[in-house]
Amino acid sequence: MNILLLGSGGREHALAWKMVQSHHCSQLFIAPGNAGTSQYGTNVDLGITDFEAQKKFCVDNKINMVVVGPEEPLVKGVFDFYSADTSLQNIVVVGPSAKAAQLEGSKAFSKKFMQRHHIPTAGYAEFTQDNFEEGKKYIAQHSLPIVLKADGLAAGKGVVICQTCDEALLSFEQMIVHHQFGEAGNKVVIEEFLDGIEVSVFVLTDGEAYQVIGHAKDYKRIGEGDTGPNTGGMGCVSPVPFMDDGFMKKVEERIIRPTVNGLKQEGLVYHGFIFFGLMNVKGEPWVIEYNCRMGDPETEVVIPRLQTDLVALFAAMDNGTLADTNISFDERSCATIVAVSGGYPGEYKKNIAITLPDNIHTNDSFIFHAGTKQTEQAIVTNGGRVLAVSSFGNNIADAVDRSKEILEQIHFEGMYYRKDIGYEFGA
Ligand code: AMP
Ligand code: GLY
């Protein structure tokens, strides 16, 4: 099978690394990829939302499968484009239709979907310019903290947790009146704060059957001790100690099964990953958000732990045999730590040379590239999150220590990483 993978992050490096291990994978192309993905396939200069250019590439290169890493092409209709075009119809696209991708593309859509299917989520209301005054009254009588969310895609920045009413009113005005998040904030979801521990659960579905392919805990804040601004994710661990059979049973019965059934009932075509962002509130799972893709850096721990052939899983998703596949996991702990550019998640410099160890002398650690680029002279930084170092260990602390050992051998000017990933689990 010839495969085209869309995206350029650590997630895509991990997916590329995994897919080339499959005997079903003949040729792998990554658009646009990074310095890491080029070790496993051919990076091609195609825009992730330039579907016309992808069409020509897919036809010329006899592509059989397109795996979509990030949400933007999904929300913009990559699945629909391929299924509507006679020359692309036979290509397996791993990712949902645009309508179904609204689970991530619109917070208001996902909240209404959860209400219709009685999936546990925080109580909420939605407001626009038209009922702005009503929104202010809603905020004034709401309990604290209070959570404000821009409805649309805002590159992970559209959520504000406010501790005071004044702060919430200011944020609300910033979003609706001053367009802080552009069009994404024309509608704002205001919801209750859920107090608990977050965990991300990943499922592959064909719209009817599903398989849980892993879970992870992400560390989103830039600073140690979970302080400072939110980032795309600074590190992850898997498995998470509280994710025992009892908790997972609740997640499957109350959340995953009703979601997949709901998609089917509503005719929302879904052949791809669902990322459930959950909060464990005193042992009960609640949904914070859906994403229509894998997480980053969650993929960098979930994919190494997944022993099943990923390309075979995608094929099973396509041919209706997903329910019959066996999924197996490496039972060891896996941790990833992300090294970022100085200044991230604010302004940062690019094109800084990266020194990498020649050989990491172990099969239990992996350097997944994210914002990197190969130039003639060197591998240089090309983004905020530069690379993620994942390691297996006998427990979380052991896995984190191994990643830290590798990180000590990596250098670039301004490099920063959190040394406390997994802190609440003994690391
Ligand atoms: P989201 O973009 O929806 O994932 O939100 C970003 C982050 O905000 C989440 O990962 C949570 O840490 C936090 N968050 C979102 N909604 C809530 C909520 N209702 N209660 C507590 N924290 C939340
Ligand atoms: N790490 C969170 C995300 O991928 O959205």
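In each ligand, atom 1 is the first atom listed, and ligand 1 is the first ligand listed. We number each residue from 1, following the sequence as shown. Because only heavy atoms are used, hydrogens play no part in the values below, and waters and symmetry mates are left out as well, while side chains stay in. As the structure is a prediction and not an experimental result, all values here were calculated from the model.
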Residue Gly232 vicinity, atoms of ligand 2 by number, heavy atom under 4.0 Å: 1 (N), 2 (C)
Exercise: do Tyr270 and Asp206 side chains pair donor with acceptor under 3.5 Å: no
Any N/O pair Glu298/ligand 2 closer than 3.5 Å: yes
side-chain hydrogen bond (donor to acceptor under 3.5 Å, both in side chains) contacts touching residues 230-247 (sequence neighbours left out): Ser238-Arg305
Aromatic plane relationship, Tyr40 with His13 - under 30° parallel, 30 to 60° tilted, over 60° perpendicular: tilted
Min N/O separation Lys220 to ligand 2 under 3.5 Å: no
Phe242-Phe247 aromatic ring centre distance below 6.0 Å: yes
Short side-chain donor-acceptor distance under 3.5 Å, Asn43 and Thr37: yes
Glu252 and Tyr210 side chains, donor-acceptor separation under 3.5 Å: yes
Pocket residues of ligand 1, ordered first by chain and then by residue number (heavy-atom cut-off under 4.0 Å): Lys107, Val147, Lys149, Val159, Ile161, Glu191, Glu192, Phe193, Leu194, Glu198, Lys220, Met279, Ile288, Glu289
Within 45° cone of Phe273 ring axis and under 6.0 Å: Arg293 NZ or CZ: no
Location of contacts on Glu71 toward ligand 2, heavy atoms closer than 4.0 Å: neither
Asn34 and Ser8 side chains, donor-acceptor separation under 3.5 Å: no
Nearest protein heavy atom with distance in Å, relative to atom 5 (O) of ligand 2: Arg293 NH2, 2.9 Å
Where ligand 2 meets Gly295 - atom numbers and elements under 4.0 angstrom, heavy-atom basis: 4 (O)
Arg11 heavy atom under 4.0 Å from ligand 2: no
Donor-acceptor pair between Lys217 and Ser200 side chains, under 3.5 angstrom: no
Contacting atoms of ligand 2, where contact means under 4.0 angstrom from a heavy atom of Asp218: 1 (N), 2 (C)
Within-cut-off N or O pair, Phe275 and ligand 2, under 3.5 Å: no
Check: Tyr416 ring centre within less than 6.0 Å of Tyr344 ring centre: no
Proximity of Phe79 and His271 rings by center, below 6.0 Å: yes
Any Gly233 heavy atom less than 4.0 Å to ligand 2: no
